[in-house]
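Quick notes on the structure that follows.
Quick caveat: nothing in here was measured; it's all calculated off a predicted structure. Computed over heavy atoms, backbone and side chain alike; hydrogens, waters and symmetry mates excluded.
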Amino acid sequence: MHAFDVLGDPVRRRILELLAEGEQTAGAVSGRIREEFGISQPATSQHLRVLRESGCATVRAEGTRRLYAVDAQPLQEVDVWLEHFRRLWNQRLDALSTELARGNRERSERRGNGPSEGSKPPTKSEEDT
């Protein structure tokens, strides 16, 4: 099963989000999933099995408990695919940053606080006086 297939299910995506916070017991994961999605412990166990078999999660025994964690390696397939789109996002974010800086500079100049070397932007209390 490919990472996209694994991520296609909202319950499995949520389980991965929970595991990304740190290693969790199967019981803890099952409890959160039951609260959020209303599905049973056996159904959650099936999702955990899919995550294990796909390589997206690992499990280790600690006494009678089973501790699950994310294995990010299979998710790199998604990261590689998203890289095509990241360039688009970054261009737009850079443009937004430029526009915000331009707006701040224009506002400052209108107040007569033209940019002076070594000066810092006024604080909220300084603006109000």
Side-chain angles (χ1 to χ4, degrees):
M1 182 175 278
H2 294 287
F4 287 105
D5 297 321
V6 170
L7 296 173
D9 185 279
V11 173
R12 288 193 292 265
R13 281 195 310 270
R14 181 61 179 134
I15 291 171
L16 285 174
E17 290 171 358
L18 293 171
L19 297 179
E21 295 172 5
E23 196 173 53
Q24 308 234 1
T25 64
V29 170
S30 181
R32 290 287 299 272
I33 295 301
R34 183 175 48 252
E35 289 172 10
E36 295 177 23
F37 292 90
I39 65 174
S40 67
Q41 182 276 326
T44 302
S45 292
Q46 287 294 83
H47 284 292
L48 286 168
R49 184 177 62 83
V50 169
L51 291 171
R52 266 193 337 267
E53 290 176 355
S54 68
C56 292
T58 60
V59 64
R60 71 179 179 85
E62 187 177 87
T64 59
R65 301 181 327 157
R66 298 292 173 260
L67 296 164
Y68 285 83
V70 170
D71 184 349
Q73 179 64 34
L75 299 174
Q76 287 186 359
E77 173 186 359
V78 175
D79 187 50
V80 168
W81 184 78
L82 285 173
E83 186 59 36
H84 302 289
F85 302 96
R86 238 179 241 119
R87 283 181 272 131
L88 300 171
W89 299 329
N90 288 340
Q91 289 170 356
R92 290 185 177 129
L93 289 173
D94 289 345
L96 175 61
S97 178
T98 300
E99 288 303 313
L100 290 172
R102 181 178 295 134
N104 287 338
R105 188 173 51 251
E106 288 172 359
R107 234 182 345 271
S108 180
E109 289 170 358
R110 276 192 301 250
R111 288 187 192 127
N113 300 334
S116 61
E117 203 164 313
S119 68
K120 61 181 182 182
T123 64
K124 180 75 174 145
S125 60
E126 291 172 340
E127 289 176 356
D128 293 338
T129 58

Shared hydrophobic cluster, Phe4 / Val80 (ILVMFWY, side-chain heavy atoms < 4.5 Å): no

When you group the ILVMFWY residues by side-chain heavy-atom contacts below 4.5 Å and let the links chain together, are Leu16 and Leu67 in the same group? no

What closest approach, in Å, do [X] and [Y] show between heavy atoms, and which atom pair accounts for it?
X	Y	result
Arg66	Ala61	NH1-CB, 3.1 Å
Pro74	Gly55	CG-O, 3.1 Å
Asp5	Arg12	O-NH2, 3.4 Å
Ala20	Val70	N-CG2, 3.5 Å

Distance in Å, His47 NE2 paired with Ile39 CD1, rounded so as to fall on 0.5 Å steps: 4.5 Å

Measuring from Leu19:CG to Arg14:CZ, what's the distance to the nearest 0.5 Å? 10.0 Å

Under the salt bridge (charged side-chain N to carboxylate O under 4.0 Å, His left out) test, which residues partner Glu83, sequence neighbours left out? Arg86

Taken in chain and number order and not counting sequence neighbours, the residues that satisfy salt bridge (charged side-chain N to carboxylate O under 4.0 Å, His left out) with Arg102 are Glu99

4.5 Å side-chain heavy-atom contact, Val6 and Leu75: no

When you compare the side chain of Arg32 with that of Gln24, does any pair of heavy atoms fall below 4.5 Å? no

Is the side chain of [X] donor-acceptor paired with the backbone N or O of [Y] at a distance under 3.5 Å, no angle test?
X	Y	value
Ser30	Ala26	no
Ser108	Asn104	no
Arg13	Leu7	yes

